[in-house]
Chemist: 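After the structure tokens below, expect a handful of questions from me.
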Amino acid sequence: MTKAELIGVMADEAEISQAAAAKALDAYIAAVGKELKKTGKLGLVGFGTFSVVKRKAREGRNPQTGKTIKIPAKKVVKFKAGKTLSDKVK
């Protein structure tokens with residue numbers, strides 16, 4: 001599903017315009033990003049938990065040349081689905 005398709009579904013389900021649904025989705029994405037930057041964790045009961053974890057530096061291989069390269073450490077976003085969401089996809 002693309003972002004445009006998601007906006008269409010949100011607009012239909014909430015009975016609002018696509019412009020309003022797009023604004024709501026953009027606001028949600030911005031709020032999640034700000035909270036993860038601020039505290040590193042965001043939990044939505046029934047949906048899941050977003051968290052920021054540090055990934056260690058490691059060695060990798062360039063698939064074209066086979067040469068060993070260093071992959072630097074970085075922070076990544078992790079998502080763990082909640083029970084309600086997990087039950088819906090079973």
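The structure presented is a predicted model; accordingly, all values stated were derived computationally and were not measured.
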Chemist: Would you say that T49 contacts L44 through its side chain, given a criterion of any heavy-atom pair below 4.5 Å between the two side chains?
Modeler: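 A side-chain contact is absent here, since even the closest heavy-atom pair is not under 4.5 Å.
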Chemist: Mind jotting down which residue pairs meet the salt bridge (Lys or Arg N to Asp or Glu O under 4.0 Å) criterion with at least one end in residues 80-90? Sequence neighbours excluded, please.
Modeler: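 Checked against salt bridge (Lys or Arg N to Asp or Glu O under 4.0 Å) - neighbours excluded - the pairs reaching residues 80-90 are K83-D87, D87-K90.
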Chemist: Among residues two or more places apart or on two chains, list those pairs meeting ring pair (Phe, Tyr, Trp, His ring centres under 6.0 Å) that have a residue in residues 54-90.
Modeler: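 Listed by first then second residue: F47-F79, F50-F79.
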Chemist: Show me the pairs that pass ring pair (Phe, Tyr, Trp, His ring centres under 6.0 Å) and involve residues 8-35, at least two apart or across chains.
Modeler: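 Applying ring pair (Phe, Tyr, Trp, His ring centres under 6.0 Å) to every pair that reaches into residues 8-35, excluding sequence neighbours, yields nothing.
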Chemist: Only pairs under 3.5 Å count here: list side-chain donor-acceptor contacts from residues 6-26, not counting sequence neighbours, and write none if there are none.
Modeler:
unit_1 : atom_1 : unit_2 : atom_2 : d
S17    : OG     : A20    : N      : 3.1
D26    : OD1    : K3     : NZ     : 2.8

Chemist: Nearest heavy-atom pair of E5 and T2: which atoms, and what distance?
Modeler: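 Looking at all heavy atoms of both residues, the closest pair is OE1-N, 2.9 Å.
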Chemist: Flag the pair R55 / V53 as yes when at least one side-chain heavy-atom distance between them is below 4.5 Å, and no otherwise.
Modeler: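 In short, these two side chains do not touch, never coming nearer than 4.5 Å.
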Chemist: Please report, to 0.1 Å, the donor-acceptor pairs under 3.5 Å made by any side chain of residues 63-73, with sequence neighbours excluded.
Modeler:
unit_1 : atom_1 : unit_2 : atom_2 : d
T65    : OG1    : K67    : N      : 3.2
T68    : OG1    : R61    : NH1    : 3.2

Chemist: Starting from V32, can I reach M1 by hopping between I/L/V/M/F/W/Y residues whose side chains sit under 4.5 Å apart?
Modeler: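 Yes, one cluster joins them.
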Chemist: Measuring from atom OG of S51 to atom CG of L36, what distance do you get when rounded to the nearest 0.5 angstrom?
Modeler: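 Nearest 0.5 Å value for the OG-CG distance: 8.0 Å.
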Chemist: Pairs in or reaching into residues 28-54: which pass salt bridge (Lys or Arg N to Asp or Glu O under 4.0 Å), with residues at least two apart or in two chains?
Modeler: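 For residues 28-54: none.
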